[in-house]
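Below is one structure; the comments refer to it alone.
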Amino acid sequence: MTVTDETPVEPMRPVPTPTASADRPEDAAQWTAKLRHTAVEALPPQQLMPDRQPAYVASWIYVFGVVTIAALVVVIATGLVLAIMGPNWWHSSTTGLFVNSLHLWSVEVFFFAMIIHLWGKFFMAAWRGRRRTTWITGVISFLVSVGAAFTGYLSQQNFDSQWISTQAKDGINSTGAGAIFNVTNFGQMLMWHITLLPLCVLALVGVHVLMVRLRGVVPPFAPEGRADDAEPVGIGNEQTGVEA
Amino acid sequence: MSATTVDNAGRPFKADRDVAEWKGAYTPYDLVKEFLIALVVVTLLIIGLAVLFGSPDDTPVTVKSWSTTSAFTNPDTGANSPGQVDFAQTAITELDGTSGTATYGPPYNTTTDPGPKLGPLGLQHWAGVHHPINTSEDFVLGPLSTLTGNPQIQSAVTEYRNASPDQQANWNSAYEDAVAKATLVDGKLVVPSGDYGPVGTIISGLTSMATSGALDGSLLSSRQFYGTDYTKPLLFIADGAYLNSLAQAQHLGGDQWGMMNETGSYPGQAWLWLYTLWYQVPAIGNSSNADVYVFAIMIGLTILLALVPMIPGLRSIPRWSRVYRIIWRNYYREAERVGGSGAGTT
């Protein structure tokens, strides 16, 4: 077909911006629009990825949160390589053994940083100001990470995993959980280690980080001799962070 | 703060629960840059550690390696024991139902022993048997039944199965006495003679299966071609003394804080230090309910940790400890410099 000046051409439609779309009255009832609106309102981009922080965020202790996540990235990346190559690979390949070493040491760094982060936050009373959920998701992340590491040790297929499984069975069985969680079943432990628990850890860490962004970094306690309510105006609203 | 200050819900402001709005200075903060730098540094650190130290991969124990080991020190008796002898002494306890696995209870089998209890709660027994194991059949008679080309063994197995429980018990008891004095002569198990009927042939046949490696495969086999459940061979091996002797030598025993150790000199699950700590407390570690006690303590402590923000007193520890003064020392130094104007928090 030859295109001539007379050929009718569909006029280009303007690409709607999210804001424009959400503002259209006829779209207001859309679930998608409502979800987007709620998400953007709860966590505007500036808050999700801030470029400024309160001046009190100045201590080495803050580094350990980001180090934990960085180590988790290495844990997942090396775990993916081990998963792609299969559970027997690292026992017979020097490259595999090196990837396993990376996986082991990334786990050690992950826990080292996570525990310092946890106790740092404890001594900052980081739950203050409507940050309870942040604290609780952090503690649960730690707990599930312990389970993820534990199943990793059980999945090694070497003497260590034999010993750990035959010892750990007594503790697990004593709670009745051994009925479904059989630590001497390599296949079951491997599946927990490479699917269920990593998914839980990633989901929990994701929620935890979103909560940090949503509530911000907890401010210091008021200095001695100065009351927290020196400026009581606003206490109880969203900005001040008084528990609802 | 004045005691009269309240929030919108009418509650007084509490320093361990609430914060006032930050009205101080903000400083530039490049989140993405910080994360990428952290990722690079952490990756390099991990690569360095992996290159320097590597990771352990100690060969697993098999029934064959256990039964063919020349000798090891039994950690329970201190005696120097050849692998074949330890295997035979373990095998008879599997046959007569006195081994650790045979008397374990749920989830492997039923026993009259109530098992570990948390007060009135017998959680282990309540959960029931989910991975049934009959050690006599699954560990001894069943594997021997696969040796269809050996009429002597098949005859012994049939004779044993057809005997009355009392007769079986007498044979088992006689063999247990005899095998306690067993020796290894020219690589062969020598058990003093006794009135133990077919049991001598049965245990001797099973020992031959073990040393040849055939028993490993037989214990692992399941109803399907592919198998990933190592419960049976692991429990059998753990009933013997060999696995324990290797673990003790690697400082992995329960009384060696073994739960947080790793083979060699590698760091293990150090984060389990509190879990293993309770086993070192004699009142707990020596109890037959130790496992469930420790689990209950750890579950309780974990719940407490998660709920710290809601527990008055506990949530005040950070303020009382004053560790926060070190963390935010720049902030408090600035606050003192400006004469307590708070460097921003109001």
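Reminder, nothing fancy here: chain letters follow the sequence lines and each chain counts from 1.
Both the backbone and the side chain of L246(B) come within contact range of chain A, each with at least one heavy atom under 4.5 Å from a heavy atom of that chain. Within the 4.5 angstrom heavy-atom criterion, atoms from both the backbone and the side chain of F35(B) approach chain A. Only the side chain of Y332(B) comes within contact range of chain A, judged by heavy atoms closer than 4.5 Å. Using a 4.5 Å cut-off between heavy atoms, Q167(A) does not touch chain B at all. Contacts of L143(A) with chain B are made by side-chain atoms alone, with heavy-atom separations under 4.5 Å and no backbone atom involved. Contact of T166(A) with chain B is made through the side chain alone, with heavy-atom distances under 4.5 Å. At a 4.5 Å heavy-atom cutoff, T137(A) makes no contact with chain B through either its backbone or its side chain. Looking at I299(B), there are no atoms closer than 4.5 Å to chain A (heavy atoms on both sides), in backbone or side chain. T263(B) touches chain A through backbone and side chain together, each having a heavy atom under 4.5 Å away. When heavy atoms are compared at a cutoff of 4.5 Å, P56(B) approaches chain A by way of both its backbone and its side chain. For N330(B), the part lying near chain A is the side chain, with the backbone staying farther off; criterion is any non-hydrogen pair under 4.5 Å. Within the 4.5 angstrom heavy-atom criterion, only side-chain atoms of V32(B), from C-beta onward, approach chain A. When heavy atoms are compared at a cutoff of 4.5 Å, L72(A) does not approach chain B at all. Using a 4.5 Å cut-off between heavy atoms, V294(B) does not touch chain A at all. N289(B) does not touch chain A: none of its heavy atoms, backbone or side chain, sits under 4.5 Å away. When heavy atoms are compared at a cutoff of 4.5 Å, W328(B) approaches chain A solely by way of its side chain, counted from C-beta outward. Of the two parts of Y104(B), only the side chain, counted from C-beta on, holds a non-hydrogen atom closer than 4.5 Å to a non-hydrogen atom of chain A.
Although no hydrogens or angles enter the test, the distance criterion places a donor-acceptor pair under 3.5 Å between the side chain of R131(A) and the main chain of G216(A).
Between chain B and the residues V74(A), V107(A), V63(A), the most heavy-atom pairs under 4.5 angstrom are made by V74(A). Highest contact tally toward chain B, considering only L102(A), I61(A), N100(A), is held by L102(A) [criterion: heavy-atom pairs under 4.5 Å]. Per-residue counts of heavy-atom pairs under 4.5 Å with chain B were compared for F112(A), W90(A), F150(A); the largest is that of W90(A). When each of V218(A), I140(A), T78(A) is checked for heavy-atom pairs under 4.5 Å with chain B, V218(A) comes out on top. Ranked by heavy-atom pairs under 4.5 Å with chain A, the list V129(B), I326(B), N244(B) is led by N244(B). With chain B as the partner, the residue from I115(A), V183(A), V146(A), I180(A) showing the most heavy-atom pairs under 4.5 Å is V146(A). Contact count against chain B (heavy-atom pairs under 4.5 Å) is highest for S106(A) among S106(A), G120(A), A168(A), A113(A).
Contacts between residues 190-198 of chain A and chain B, counted as heavy-atom pairs separated by less than 4.5 Å, involve no residue at all.
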side-chain contact (heavy atoms from CB on, under 4.5 Å) between L252(B) and F159(A): does it pass, once the steps are laid out? CA-CA 11 Å; L252(B) 297 175; F159(A) 169 74; 3.8 Å; yes

Starting from the C-alpha separation in whole Å, work towards a yes-or-no answer on side-chain hydrogen bond (donor to acceptor under 3.5 Å, both in side chains) for D291(B) and Q124(B). CA-CA 11 Å; D291(B) 292 313; Q124(B) 184 167 328; over 6 Å; no

Evaluate D16(B) against R315(B) for salt bridge (charged side-chain N to carboxylate O under 4.0 Å, His left out), listing each step before the verdict. CA-CA 6 Å; D16(B) 303 317; R315(B) 69 183 177 194; 5.5 Å; no

Show, in sequence, the C-alpha distance, side-chain angles and deciding distance for F64(A) and L118(A), and conclude whether the side-chain contact (heavy atoms from CB on, under 4.5 Å) test is met. CA-CA 9 Å; F64(A) 289 95; L118(A) 191 153; over 6 Å; no

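Nearest heavy-atom pair, T134(A) versus M211(A), reported as atom, atom and distance to 0.1 Å: OG1-CB, 3.4 Å.
Using cut-offs of 30° and 60° for the angle between ring planes, the W105(A) and Y266(B) rings count as tilted. By the 30° and 60° cut-offs, the orientation of the rings of H131(B) relative to Y108(B) is tilted.
Exactly one residue among Y324(B), Y331(B), W320(B) makes a ring pair (Phe, Tyr, Trp, His ring centres under 6.0 Å) with F221(A). That residue is Y324(B).
At a cut-off of 3.5 Å, with distance as the only test, a side-chain donor of H91(A) or D57(B) sits close to an acceptor on the other residue.
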